[in-house]
Structure formats: C-alpha cells, structure tokens
Amino acid sequence: MKESTTELPSPPSGLGAGPIYAILAYGSWGLLPIYWKFFGQVPAVEVLTHRMIWSAVFLSGLLLILRRGAEVGQILRSRQTLLRLLLTALLLTFNWGLYIYGVNSDRVVETSLGYFINPLVSVLLGFLFLKERLQWGQRLAVLLAVIGVANFVWQFGAVPWIALALAFSFAFYGLLRKIVPVSPLVGLAVETLLITPFAIALVLYWTTTGQSHLGASWQMTLLFVGAGVMTSLPLLWFNNAAKRLRLSTLGFFQYLAPSIQLMLGVFLYREPFTSTHAFTFGLIWLALILYSTTSLGLWAKKS
C-alpha cells in the first residue's frame, strides 16, 4: 500500500519534520491533565467513549476533506492490516482509558512516572523487535530504570501498575504503528472507527438508564465534543513522528510530556512527592540523561 505523505497540520517549513511532530505531540500530552480534570467525577470509561466517538467524527471529516476514502477502502480489503490496526486500536483504547483514570483519581505523578519509563521501554522494544543496536550507555539507562521501579516497589510495597501499564501499552502501540503500512491519518481514523461502535453502544445504554452525563450542561457537552480534537491532533503528530524517526530516537522526545505532567501533579494539584518518589524519579532521570547523551554522541558521529 502506498503511503501518503500529506498530513495535517504541517510543521514549520525548513525544519526536520520528525522532531517537530514529536515536540508537538508530547508537549500537548503533557498539558492534557488540565483538560481531564474539568470532567470532575465523570467516570473515566464515559470520558473515554466520548473521546473515541468525537475523535472518529473529527478524523472522518479530515478524510472527507482530503479525499482519502480510497485508502480506507484499501485497508478494509487487507485482512492482515485490519487485524493489526484492531490490535493497535485496543492498545490505544486501554492506554487512553487508564490515563484518564489515573489523572482523575489524583495520580498524575504516577502517570508521569509511566511516561518517563516509556522511552526506555521503546528503546528496549526497538532492540528486541526491530534489531536497533543499543550502545552501552543505552543498556545502562534501561537497567537504571528497572532499579528505579524496583526501589518504588520495595519502599511502598506496591507495584506502580498504572505507570507500568501506561509505559508498556504505549510503547507497544508505537512499535506496531511503525510497522503497519498505513499513513498516520488514515491509520488513526481506522483505529477509532473500529472502536466507535462499542463506544456508541455504551453511550446509548447509559442514556437509556439515566447514567449519561452528555447534555447535563452545555459546558459538559462541549468538553465531551472537544475531547475528540484535543486528543486526535497529538496522536496525528505522534504517528507522523513515528514514521519519520527511529523508535529509539522517538523515545528521546518522550520525557517532555511527563516532565510537564509531573510539574502539574506536584505544583498545581499538590499530590505527594516523597523521598521514595525522588529517588525513583532521580534514577529514571539519570537514565534519560545517559540515554540522551549516548544518542547525541551517535548522531554527532553520523553527521
């Protein structure tokens, strides 16, 4: 299947497209907890269903404007591609829902930990599945992240399951989307369309049983509709970046989002940040610095 290179919105001209797309995606994700907090006590599953439905509407509109329907037809005729996109859609749905749950249950700091770990998981998956070579510094970085998580488990007596689930689910999503032969916009649209019928069924059930928050106020309705745009654009930017960058290079930009999330959790939402958190985050930050330094050294040699 021939991949289209026309995606919206375009990055500034004259700059490397891959890094710009990555910065746009991760910067937007870093600020998303502010948006999810507006939903208050609305269940995460309900927020997720509207996120899927309105994302599907937004992306379908883009497909019509850009006349990309033929590419959707090609995907629907390829059983293998369709099955792969169904798998990525399930990973994405799980990641989205867990993230909303983590934010609205006052665990923004733990969600940031997950996305700090994610680039190192991406490095590991790139090594295991795409045969991307790891230098000694990158291997040591992964080991430091493992030690950091182990320290968290040892001190608190609990596995940071939200953090680990977010890290691994999105790393596998990035890995699979990199190898699926579809353009970013069309692939993301098909992913959301595959899940949307289930989301609509849930909304109809909640409406008939009086449990739906849609229409409770015009502000809540706008929040539901806006979730589609607020979350589709960063994913489009991410998928464009994933197509243009090595998986290990893409992981380099990942810590922009959790850095913003961590600051929001600690300074805006006043979540606890103990000495154990500091030690665990410190090891992971050290791992990211080591990984980044090693990666920059490799880039310098190639240039």
Side-chain angles (χ1 to χ4, degrees), residues 3 16-19 21-23 25-26 29 80 83-85 87-88 90-92 94-95 98 111-153 159-182 184 187 235 237-259 280-303:
E3 177 177 327
Y21 278 127
I23 291 170
Y26 291 125
W29 277 325
Q80 184 181 45
L83 288 175
R84 288 179 177 177
L85 286 178
L87 178 57
T88 58
L90 292 173
L91 284 169
L92 186 60
F94 173 78
N95 186 273
L98 185 59
T111 65
S112 73
L113 175 62
Y115 289 117
F116 271 120
I117 297 171
N118 176 258
L120 301 172
V121 176
S122 293
V123 170
L124 182 62
L125 295 185
F127 171 73
L128 293 175
F129 296 102
L130 301 181
K131 308 304 180 183
E132 295 180 356
R133 294 182 59 188
L134 295 185
Q135 301 299 315
W136 69 268
Q138 295 170 321
R139 295 181 183 182
L140 181 57
V142 173
L143 178 61
L144 287 173
V146 172
I147 295 173
V149 173
N151 170 73
F152 189 96
V153 174
V159 176
W161 65 272
I162 290 180
L164 293 175
L166 287 173
F168 277 89
S169 61
F170 201 72
F172 272 107
Y173 173 76
L175 170 67
L176 292 174
R177 278 308 307 266
K178 188 174 180 66
I179 63 178
V180 175
V182 296
L235 274 168
W237 290 326
F238 169 77
N239 285 325
N240 273 283
K243 291 292 182 181
R244 290 164 169 81
L245 300 173
R246 295 178 65 206
L247 198 62
S248 54
T249 304
L250 185 64
F252 172 78
F253 293 95
Q254 169 69 27
Y255 52 79
L256 175 62
S259 296
T280 295
F281 275 89
L283 282 177
I284 292 172
W285 289 331
L286 179 60
L288 289 170
I289 292 171
L290 183 60
Y291 164 70
S292 302
T293 303
T294 304
S295 298
L296 288 173
L298 292 175
W299 292 342
K301 290 181 180 179
K302 292 181 180 179
S303 61

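When a residue number appears, it is its place in the shown sequence, counting from 1.
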From [atom1] ([X]) to [atom2] ([Y]), nearest 0.5 Å:
| X | Y | atom1 | atom2 | answer |
| --- | --- | --- | --- | --- |
| Leu176 | Leu92 | CG | CG | 11.5 Å |
| Leu288 | Leu283 | CG | CG | 11.0 Å |
| Arg139 | Leu144 | CZ | CG | 14.5 Å |
| Leu143 | Leu290 | CG | CG | 10.5 Å |
| Asn118 | Tyr173 | CG | OH | 12.5 Å |
| Ile284 | Asn151 | CD1 | CG | 9.5 Å |

Over all heavy atoms of both residues, which pair between [X] and [Y] is shortest? Give the atoms and the distance, please.
| X | Y | value |
| --- | --- | --- |
| Lys178 | Lys243 | O-NZ, 3.9 Å |
| Gly114 | Ala167 | O-CB, 3.2 Å |
| Pro160 | Leu113 | CB-CD2, 4.3 Å |
| Ser112 | Pro258 | O-CB, 3.1 Å |
| Ser169 | Asn95 | OG-ND2, 2.9 Å |
| Arg84 | Val180 | CB-CG2, 3.9 Å |

*Is the shortest heavy-atom distance from the side chain of Val146 to the side chain of Leu120 under 4.5 Å?*
no
*Going by heavy atoms in the side chains, are Phe116 and Trp285 under 4.5 Å from each other?*
yes
*asked:* Closer than 3.5 angstrom, by distance alone: can the side chain of Thr280 be matched with the main-chain N or O of Gly148 as a donor-acceptor pair?
replied: yes
*Please work out whether the ring planes of Phe170 and Phe238 are parallel, tilted or perpendicular, with thresholds of 30° and 60°.*
tilted
_Intermediate values then yes/no, side-chain contact (heavy atoms from CB on, under 4.5 Å), Leu166 and Ile162_ = CA-CA 6 Å; Leu166 287 173; Ile162 290 180; 3.8 Å; yes
*Any residue meeting ring pair (Phe, Tyr, Trp, His ring centres under 6.0 Å) with Phe152, in chain and number order, not counting sequence neighbours*: Phe156, His277
*Ring centres of Phe172 and Phe94 under 6.0 Å apart?*
no
*Quick one: side-chain contact (heavy atoms from CB on, under 4.5 Å) partners of Ile23, sequence neighbours excluded?*
Phe253, Leu256
